[in-house]
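One is the number of the first residue; the rest follow in order along the sequence.
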Amino acid sequence: MERTRFRGGVRVYCVGVALAAAAGTGSSAGAAIVTTGFGQGADNFVQAGVPTTNQTPTAADVTVKWGGSTGAPGATDRKAYFRFDLSEITDPVTAAAMALTVSINNGGTTNTSTQGFTFNVYGLNDGSTTGGGRLGEDWGENTITWNNAPANLTTSGNQMSVGTGTVDGGQAVLLGTFAVSAANGPGSQMIAVSGQPLIDFLAADTNDLVTLMVTRTGLTTNNGTPATSNGNANSAFASAESTAFPSGAPALFVNQPVPEPGTVGVLAAAVGAGLTRRRRRRA
C-alpha cells in the first residue's frame, strides 16, 4: 500500500503497490522516490568565471558546462550540485538510481542543434564538514559558490577533488558516467547513475543527507551539428523549481528496479504531481 508522508508541506512518497504497478513489478517495501525538493534537499550550480557569486537558487535550470581546457578553468565552466534528504528511507538500500531531466542541450547561441556530451557523477563524502572557506554537506542554495563549494577542485573546469577527506569541505568519490546524445532534447529523462557504487555510497550514509555532483567531460562522438567549440555548447538539467518540466525534478529512486529513462516521468505521475514540487525552506 502506498504511504504518503508530509513534512514542511512537501510530500515524500514511500511507494508500494502504486509505483510497482506502474513499473510492471511486484511491490517493494520501503521503495521511494525522493527529489531535491524535499526536506533539506537542494540543487544549484557554481561557475568558475564568477567564483564568489551565488547562482539564483530558484532558477529552473541547473547548468553544467566545460570549455575543454585542461589547464585553468574557463569563465563559463559550471558544475552542478544536488542534495537529497534520505530521512524517510528506513530500509537497507538494495537498489538505487539518480534521474535527471534535460532542460537545455544545444551548440550555443548560434547553433540550436542538440549535441552529445559525457558527464561524470561524483558523491560527496559522508560527514564532510565546513571549514577552510568551504561549505560542508549542509551547503546552502543561497550561499554556495565556485570558491566555497564542497569538494570542488577549483583549478579544474570538470573535475572534483577526489579522496577520502571529510574536513574543509571534504572530498568526493566518482560514482559513474552518463551520456546525453544528440537525440536527447529538452524533456529527455536520463538515468545519470545507478548500480553498486551508488548503492554502496547511499548505504554508507549516516546523517540522511547525500550530495551528488555532476560535471561535463566533453563532446561525445555521436553529437549532431558540432558546436563551434565545446565551451559554446550548453547543457542543463531541470531543477525542482522547473515549471517547463514539472515532473522532471532531480530524483533518487531507492529500493526499486532501476526505471528505463523513458518511464521516469510515468513513475512520477503514478504517485502524483506533488512528488516533484519543492515548497521548503531556503538555506
No-hydrogen, no-angle side-chain donor-acceptor test under 3.5 Å, N125 and S128 = no
If Ile, Leu, Val, Met, Phe, Trp and Tyr residues are connected whenever their side-chain heavy atoms lie under 4.5 Å apart, and connections chain through other members, are V162 and V46 in the same group?
-> yes
Hey, is the main chain of F82 close enough, under 3.5 Å, to the side chain of D43 for a donor-acceptor pair?
-> no
Please confirm whether the backbone N or O of F245 pairs with a side-chain atom of S242, one donor and one acceptor, at under 3.5 Å?
-> yes
Are F117 and I104 joined in one hydrophobic group, where the rule is that I, L, V, M, F, W and Y side chains link up if heavy atoms are under 4.5 Å apart?
-> no
Is there a path of hydrophobic side-chain contacts, each under 4.5 Å between heavy atoms of I, L, V, M, F, W or Y residues, that connects V173 with L252?
-> yes
Please check if the side chain of Q47 supplies one atom and the backbone of F45 the other of a donor-acceptor pair under 3.5 Å.
-> no
So, T114 side chain and A182 main chain: donor-acceptor pair closer than 3.5 Å or not?
-> yes
Per side-chain contact (heavy atoms from CB on, under 4.5 Å), V214 is matched among V121, V62, N120 by V121
T63 vs R78, side-chain hydrogen bond (donor to acceptor under 3.5 Å, both in side chains): CA-CA, chis, key distance, verdict = CA-CA 7 Å; T63 308; R78 300 169 174 92; 5.0 Å; no
Apply the test side-chain contact (heavy atoms from CB on, under 4.5 Å) to residues V254 and D91: give CA-CA distance (whole Å), side-chain angles for both, the deciding distance (0.1 Å), then the verdict.
-> CA-CA 10 Å; V254 182; D91 293 346; over 6 Å; no
In this structure, CG of N234 is separated from OG1 of T112 (nearest 0.5 Å) by 11.0 Å
What do the steps show when you test L135 against I144 for side-chain contact (heavy atoms from CB on, under 4.5 Å), and what is the final call?
-> CA-CA 7 Å; L135 302 176; I144 191 170; 4.2 Å; yes
Stepwise side-chain contact (heavy atoms from CB on, under 4.5 Å) check, K79 with M213 | CA-CA 7 Å; K79 302 174 183 178; M213 301 161 289; over 6 Å; no
For D126 and T206, does a side-chain donor sit closer than 3.5 Å to a side-chain acceptor?
-> yes
Within the side chain of N148, is there an N or O that forms a donor-acceptor pair under 3.5 Å with the backbone of T145?
-> yes
Any donor-acceptor pair under 3.5 Å from D61 side chain to S103 backbone = no
Gap between atom CZ of F84 and atom CG of L212 - 0.5 Å precision | 5.5 Å
Side-chain donor/acceptor of N255 to backbone N/O of P92, under 3.5 Å = yes
Take I191 and F178 through the side-chain contact (heavy atoms from CB on, under 4.5 Å) test and state the conclusion after the steps.
-> CA-CA 8 Å; I191 300 301; F178 70 102; over 6 Å; no
Same apolar cluster (I L V M F W Y, side chains within < 4.5 Å links), L209/I33 = no
Q159 versus Y122: any side-chain heavy-atom pair under 4.5 Å?
-> yes
Reported CD-to-CG distance for the pair Q171 and N152, which is rounded to 0.5 angstrom | 12.5 Å
Kindly compute the distance separating CD (Q55) from CH2 (W146), expressed to the nearest 0.5 Å.
-> 11.0 Å
Relative to each other, are the rings of F237 and F119 parallel, tilted or perpendicular (30° and 60° limits)?
-> perpendicular
Roughly how far, to the nearest 0.5 Å, is OG of S247 from CD of Q189?
-> 7.5 Å
Determine yes or no for a side-chain-to-main-chain donor-acceptor pair under 3.5 angstrom, with T36 supplying the side chain and A42 the backbone.
-> no
Indicate yes or no for a side-chain donor-acceptor contact from S156 to the backbone of L153 under 3.5 Å, with no hydrogens or angles considered.
-> no
Spatial distance of atom OG (S239) from atom CG (L100) [nearest 0.5 Å] = 11.5 Å
Side chain Y81, main chain P150, donor-acceptor under 3.5 Å | yes
Path from M160 to V167 over hydrophobic side-chain contacts below 4.5 Å = no
